[in-house]
2 protein chains.
Amino acid sequence: MNAVSPFKPATLHDVARAAGVSLITASRALGNPGVVSAKTIEKVQAAVESTGYIPNLLAGGLKSKRSLMVGGIVPALSVSQFLPTVQALTTELAAAGYQLILGQTAYDAEREESVLNTMIGRQPDGIVITGLVQAQRARDRLRRSGIPVVETWDLSDRPIDMVVGFSHLKVGSAVGGYFLGKGWQRIGIASGDDHRARMRRDGFQTTIGRELPTAFVPAPSSLELGRRALGELLAKDPRLEAICCSSDQLAHGVIVEALARGLRVPQDLAICGFGNADFGAYTVPSISTVHVDGAEIGRLAARLIVDRCRGETIANPIVDLGFRMIERQST
Amino acid sequence: MNAVSPFKPATLHDVARAAGVSLITASRALGNPGVVSAKTIEKVQAAVESTGYIPNLLAGGLKSKRSLMVGGIVPALSVSQFLPTVQALTTELAAAGYQLILGQTAYDAEREESVLNTMIGRQPDGIVITGLVQAQRARDRLRRSGIPVVETWDLSDRPIDMVVGFSHLKVGSAVGGYFLGKGWQRIGIASGDDHRARMRRDGFQTTIGRELPTAFVPAPSSLELGRRALGELLAKDPRLEAICCSSDQLAHGVIVEALARGLRVPQDLAICGFGNADFGAYTVPSISTVHVDGAEIGRLAARLIVDRCRGETIANPIVDLGFRMIERQST
DNA sequence: CTGTTAGCGCATTCAT
DNA sequence: ATGAATGCGCTAACAG
C-alpha cells in the first residue's frame, strides 16, 4: 500500500504517472474502458489501488457538463407521504450513478425560490420537486436553466417540463362518491392546510354538494393533530357520522380520539384517510384510505431524468399514475 | 428583463461585461462585498438581475476547495428514527449555506463503501453518518481523505473523526433496570436485527441477568412487524408479563396485537418502546419509551462540520447526548 | 489505441 | 479598490 499523505489526495495525474501512461489514457481507462487496451487498463487500475485515487467529480462535471447529481426538493423530510418517493428516487438514481441533493422548502415560497437557486447553481442533471412549483418567477428560471425538471405528486397540463402524479381533485371526488354511496349525511373534514390537501377537500365538497364543517391542521399532520381535529369537529357538530381525513396519520388520530370518547368505529363514526401509510392496514380498526404509489412516483421521476440525460426523447412527459380506494374496517 | 438564451446560461464573465467591470471585481462584489465600492456592487447586482446569472458552484468549489456540500449517509430514509436527524441536519446546514447530498446504504457494508467512495469524490466539506462505520477499509479511507466526518447515533472512544450520540448498551441497561424495579419476571424482547438494536438488547439482557425469549424482525421495523413479533413471543411463552421493544413502531404493533387478543395493557402485558416517536404520547394506551434527541444530533453534527470548515478547533469531538426514560401508560 | 492541446467557470495569487 | 494572470482536476476535441 503506497499510501499518499492525507493532505494531498491523489489526482488522475498521479495515477497516470504511477501507471506510466498519459493523463488522458488514465482518464479513459477509468471512464471509457472500451477504447483502451486491456493491459493498459490493468496498469491504471493497479495505480488507482496504490495511490488510493478517488475521482474528483466536481472537476469532471465542470468539463463534461454532467454533474451526476439530481436535486430533490420536498417541503419537509418529515412529511411521511413523500418518504417512499424520496427513497425510491435515491435508490433508482444511485443505480444509474446519480446522487440526490436534498432541499427543504418548509412550505415557504421564498425558501423554495432560494433553494431552487442554489440547486441550479450546482448544475444538477435534473431536478425533482414534490408538488407543482407555484411562483411564476421560479418556473421561468427553471425552464430557462435547461435542466430537466420533474414535478410530482400532482398533475398539470402545462408542467415546467415533466410531471408524474395524480389529480387531487379526482381523489376528493372519488372519496366523496364513496361517502355518498354509504348514505352518510352528517360529514366532517379533517384536513392539512397545504395546497394539495385543500384540493382534495375541494373535490370532496363539490361531490358531496355543500360546504362541510372542517378542522384545518397545520402541515405536516400527525396522530396528535388528528385527535385535536376530532375534538374541534365534534364541538361544531356532536352528531357527526363520518369524517374524511387528508392523511392516514390524521385518520389514525381521529380514530384514537373517537375510541377514547367511547365512540364505536365505524358504527358511530366512520373514518377515511389518505395515502395508504404502512400502519393503516394493521391498526384496530384498520383504516380505509386512498392508495397512491409514492415509490413508483420516485422511480418514474428518476427514470425520466436519466432517460432525458441520455438524450432520449420522452414519449409522454405527463404521467397520471392514478390512485385507488382501499376499503377497510374504519368505514 | 434582458433574458439570455436558455441554452447558454450566463457566466460571471457575462455579468462582468454587462456591469463594465473585470471578471474578478464581479466575483468579489458577489462573494466578498466588503472589499468593493458600493457603486460597483450595485452595478454588478443590476447585471446579475439582467443576465439571470446563477453562480456555478461546481466551478467555484473546484478552485476554492469548498464545495458547500455535506454528505449524509443513512441506512434507509424510511428508518423514521433518523428522520429528525436528517431534517435538522439539512435545515441547519442550509442556514450556513451548505447542502446535503444523500446516500443510502440499505444496511449493507458493500453499498456503504461504494456510497462513501462516490461521496468522497464529490469533495464534500463534511460527511455525517448515522451509526459507526464498521469496515476498517472505509474508516481508513475516510480518515485519509481529510474530510471532517461525524459519526452519529452511537458512541465510540476512537471515532474516525468526531461522534455525536449515546450508548445503546446503557439504554438497554437503563430499560433493564426499570423492568427489574417493576418486578416483572416473564419478559420477552421484540428487536430489530440491526447492529444498534442488538446492542440495546445486549445491555438489557445483561442487566436482567439472563437470556430472554426474543423475536427478531428485519429492520426497518413497523407496526405490522410488531404485531407479528408478539405472536411469535406468545407462542414461545404464553404467560409473558412484559415486552421490551427496540422501537416505538414495534411497541405500537405489540400493543395493537395485545389488545386484539383481549389482553389488557399494561395490566396483563406491559410494553416499552424506544425512540419517543411523535405518535407514542397519543396512542391509547400511550407508549413508555426512551427519548433520544435525534434532531439535536443533526443540529450538533451540522455545527461540528461547519465549525471545522471555518478552521475552528473542536473542543470535544466525542459528544454523548444521553437519553432519558419516559414512563407512560403502557407500563 | 494513445497522446497533445485546450479549455469548463471560477477564485486565488500577485500586481497596480 | 481594482485588474491580469494562473490553475483547480478533469475531459472533449482533435491529432498521430
Side-chain angles (χ1 to χ4, degrees), chain A residues 4 7-44 47-48 51-69 97 118 120-125 145-146 311, chain B residues 4 7-44 47-48 51-68 97 118 120-125 145-146:
Chain A
V4 164
F7 302 109
K8 257 284 174 202
T11 71
L12 194 54
H13 187 86
D14 301 323
V15 173
R17 226 184 12 198
V21 298
S22 81
L23 189 66
I24 185 62
T25 301
S27 170
R28 283 198 276 249
L30 298 175
N32 195 2
V35 206
V36 179
S37 77
K39 196 173 284 179
T40 307
I41 292 180
E42 242 174 78
K43 278 192 299 183
V44 171
V48 166
T51 56
Y53 170 70
I54 297 179
N56 182 333
L57 298 173
L58 249 55
L62 182 58
K63 181 68 192 175
S64 68
K65 306 277 179 203
R66 282 174 300 109
S67 64
L68 296 178
M69 300 190 294
T118 52
I120 294 175
R122 296 198 186 284
Q123 318 293 118
D125 295 333
S145 76
Chain B
V4 163
F7 301 110
K8 256 286 173 201
T11 72
L12 193 54
H13 188 85
D14 302 322
V15 173
R17 226 182 14 195
V21 298
S22 80
L23 187 70
I24 184 59
T25 302
S27 168
R28 283 199 276 248
L30 298 175
N32 195 3
V35 205
V36 179
S37 76
K39 197 173 283 178
T40 308
I41 292 180
E42 241 174 78
K43 280 192 299 184
V44 170
V48 167
T51 54
Y53 170 70
I54 297 179
N56 182 332
L57 298 173
L58 249 55
L62 181 57
K63 183 65 192 174
S64 69
K65 305 280 179 201
R66 284 175 298 110
S67 64
L68 296 178
T118 52
I120 294 175
R122 296 201 183 284
Q123 318 293 121
D125 295 333
S145 76

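Proteins come first, then strands; the chains are lettered A, B, ... in the order of their sequence lines, and each starts at number 1. Nothing here was measured: the structure is a model prediction, and the numbers come from that model. Side chains included, hydrogens not; waters and symmetry mates left out as well; all remaining heavy atoms used.
For A:L12, the side chain to side chain contact (heavy atoms under 4.5 Å, CB included) partners are A:V15, A:L23, A:A26, A:S27, A:L30, A:Y53, not counting sequence neighbours. Residues satisfying the side-chain hydrogen bond (donor to acceptor under 3.5 Å, both in side chains) test with A:T40, not counting sequence neighbours, are A:S37. Considering only residues two or more places apart in sequence or on other chains, A:R17 meets the side chain to side chain contact (heavy atoms under 4.5 Å, CB included) condition with A:D14.
Considering every non-hydrogen atom in both A:M69 and A:R122, the closest pair reads CE-O, 3.4 Å. Summarising the geometry of B:V21 relative to B:K43, their closest heavy-atom pair is CG1-NZ, 4.2 Å, with the distance given to 0.1 Å. Scanning all heavy atoms of the two residues, the minimum distance from B:T51 to B:A47 falls at OG1-O, 2.7 Å. The minimum heavy-atom distance between A:L58 and B:S67, with the atom names listed, is CD2-CB, 4.0 Å. Residue A:I120 comes nearest to A:S145 through the heavy atom pair CG2-CB, 4.2 Å, listed as atom of the first residue, atom of the second, then distance. The minimum heavy-atom distance linking A:V36 with A:R28 is given by the pair CG2-CB, 3.7 Å.
Read 5' to 3', the first and last nucleotides of DNA chain D with an atom closer than 4.0 Å to a heavy atom of chain B are D:dA1 to D:dG9.
For the OP1/OP2 pair of C:dT2 and a distance below 4.0 Å, the side-chain nitrogens and oxygens of A:S37 include at least one atom meeting the criterion. Neither OP1 nor OP2 of C:dC1 sits under 4.0 Å from any side-chain N or O of A:T25.
Rounded to 10 degrees, the angle between the two end axes of the helix from C:dC1-D:dG16 to C:dT16-D:dA1 is 30°, with five pairs used at each end.
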- line: In 5'-to-3' order, the base (B), backbone-only (S) or no-contact (-) status of each nucleotide in nucleotides 9-16 of chain C, using a 4.0 angstrom heavy-atom cut-off, is BBBB----
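Between the OG1 atom in A:T11 and the CD1 atom in A:I54 there is a gap of 13.0 Å [rounded to 0.5 Å].
Nucleic acid contact for A:V35: base, since at least one base atom lies under 4.0 Å from a heavy atom of the residue.
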